Protein chains: 2
Amino acid sequence: MSRIAPAMKTAITEKPRRRTQEERSEAMRKRLLAATLESLAEDGYAGSTLSSIVRRAGVSRGAQVHHYPSKQALLLDASEDLLKRTYRRLGTLLLSISEEDNRLQALVDACWEQMFATPLYRAYCELVAASQRDEELAQALGAMLRRVMALFEPAANYYFETSGTKLRPADMFLQLSCLLSGLGLQATLLSKPVIRSQLDGWVRQASPILRARKGITSPPPRPASWDRVLETVG
Amino acid sequence: MSRIAPAMKTAITEKPRRRTQEERSEAMRKRLLAATLESLAEDGYAGSTLSSIVRRAGVSRGAQVHHYPSKQALLLDASEDLLKRTYRRLGTLLLSISEEDNRLQALVDACWEQMFATPLYRAYCELVAASQRDEELAQALGAMLRRVMALFEPAANYYFETSGTKLRPADMFLQLSCLLSGLGLQATLLSKPVIRSQLDGWVRQASPILRARKGITSPPPRPASWDRVLETVG
DNA sequence: TCATTTACATACAGTCTGGACTGTATCATA
DNA sequence: TATGATACAGTCCAGACTGTATGTAAATGA
């Protein structure tokens, strides 16, 4: 009898091969993490209940509890996943602007649209807010921030140079990131023209002292942490 | 028998006069609103349950339900209260820096310490995050933002002037507010030196093109909305 | 092939929340 | 001072959430 069911499934899925335990686990974790980040962005931290997450992931409550014994564990891993996604986005973003005409404007626009005006950033905001009352989460997010900054800093100094100021490109871009954070936080409360004018305003203000180095089109020297982080993504 | 209890209270408080209904209501509302904002800042939006709020306010569940039929109503009124407090802080802040030596630095520092690195701003962050899923709250906060900006804009253009840029002082300060928002959001995740350097970095960058007008020590022309908002504070 | 581990499913227990509801004391006023 | 309105207190309840305990099927390894 235990032979029949698999045979039927084979007929339907056309793929009789059953996945290995590891594959199953990984796929399940991925679904749970994606659903968690989605839920954080859409339903907020408070609205992200385990029930809603597993419903969104289309799995059972038991699957979640098997892979993550507590809600805290799931959220911590989701933070880690958020970091990895951010790394990858930042990487492709930096590569994509390396051939742009007006690199500064392109970088600002791309950062805004692909990193801060996104559901992923909303999820980040929720986690940051929650980290105010969760020491463990605060640790994780703090480490995450430092790692992203450590990646971005050399890249910024590689692609750009400053003149007539004591600030290095990395300092300028850290300012930009704070600006974008603030804009992103209140994006839904501000009008589009205001946001647009803030983005352009920063570019206009930064252009005289911050410019892209000429002839740099190859990717920057990647810090070791870059690959180290990504290697576990699979 | 109903005579005795009041008499005893009189002996204790030394003030036999019973408050009028209106006084009682107002005092109770004030306690509830203060407790709500406190709770938002400390316990977060999710942690701000009605039970915790009334416990913090030291009143009964019945008192809260009498003045605010729903949690939503309480939070909306708390948002309004947040606006009023912000108005007042901004007002005293603007007055306090009018006699400072380095007005720009003083303004930035004061804004940071008295407005963004405060529990009140944490409460604001919680409300903004929650407003993502609450249209009514979003409306209220949006209106609040616009009103604060409407107050700040003429004041900025009154105290300061720009040169060598198309941006007006108000645009610069809007940028500053976004920067401070972003810093404030992640304040607990960033190191103090990073924050300090960002504040100073903005001042250094803005100084060449933004300076305080000479000899302006009197308060700016207040917009009508200023008094209109404050008159209900009592 | 069989025992053991892993992956997942379901049911349940205990806690908490928000809103409804009831009761009581105080105030305003005619 | 009688009467209705207001201010507050305390309790109850239906629903939701998390963690746990238990059951089953699939995969792994000997």
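All of these numbers come straight from a predicted model, not from anything done at the bench. Numbered from 1 within each chain, the chains take letters A, B, ... in sequence-line order.
Of the possible donor and acceptor atoms, none in the side chain of Gln175(B) sits under 3.5 Å from a partner among the backbone N and O of Asp171(B). Side chain of Ser52(A) to main chain of Ser48(A): no donor-acceptor pair is present (N/O by atom type, distance under 3.5 Å, no hydrogens or angles). With hydrogens and angles ignored, the 3.5 Å screen pairs a side-chain donor or acceptor of Tyr87(B) with a backbone N or O of Arg147(B).
The side chain of Thr49(A) places an N or O atom within less than 4.0 Å of a non-bridging phosphate oxygen (OP1 or OP2) of dC17(D). Look at His66(B) and you'll find a side-chain N or O under 4.0 angstrom from OP1 or OP2 of dA7(D). The phosphate of dC8(D) (OP1 or OP2) has a side-chain N or O of His67(B) nearer than 4.0 angstrom. Contact check, Ser60(A) against dC8(C): no side-chain N or O comes under 4.0 Å of OP1 or OP2.
As rounded to whole Å, 18 Å separates atom P of dT6(D) from atom CD of Gln64(B). Taking atom CG of residue Leu50(A) and atom P of nucleotide dT10(C), one finds them 17 Å apart after rounding to whole Å. Nucleotide dA25(C) holds its P atom 17 Å from the CE atom of Met28(B), rounded to whole Å. For Glu26(B) and dC8(D), the CD to P distance is 12 Å, given to the nearest whole Å. Atom OH of Tyr68(B) is separated from atom C1' of dA7(D) by 14 Å (rounded to the nearest Å). Arg55(B) places its CZ atom 12 Å from the C1' atom of dT17(C), with the value rounded to the nearest Å. As rounded to whole Å, 10 Å separates atom P of dT18(D) from atom OH of Tyr45(A). Distance Leu32(B) CG to dG18(C) P: 14 Å, rounded to the nearest Å.
Toward the 5' end of DNA chain C, the nearer of the two residues Lys71(B) and Val65(B), judged by each one's closest nucleotide, is Lys71(B). With the nearest nucleotide of DNA chain D identified for both Gly47(A) and Gly62(A), Gly47(A) has the one nearer the 5' end.
Among residues two or more places apart in sequence or in another chain, the side-chain hydrogen bond (donor to acceptor under 3.5 Å, both in side chains) test is passed with Tyr121(B) by none.
Atom CG in Leu180(B) sits 12.5 Å away from atom CG in Leu185(B) (nearest 0.5 Å).
In this structure, the nucleotide among dT20(D), dT18(D), dG10(D) sitting nearest to the side chain of Arg61(B) is dG10(D).
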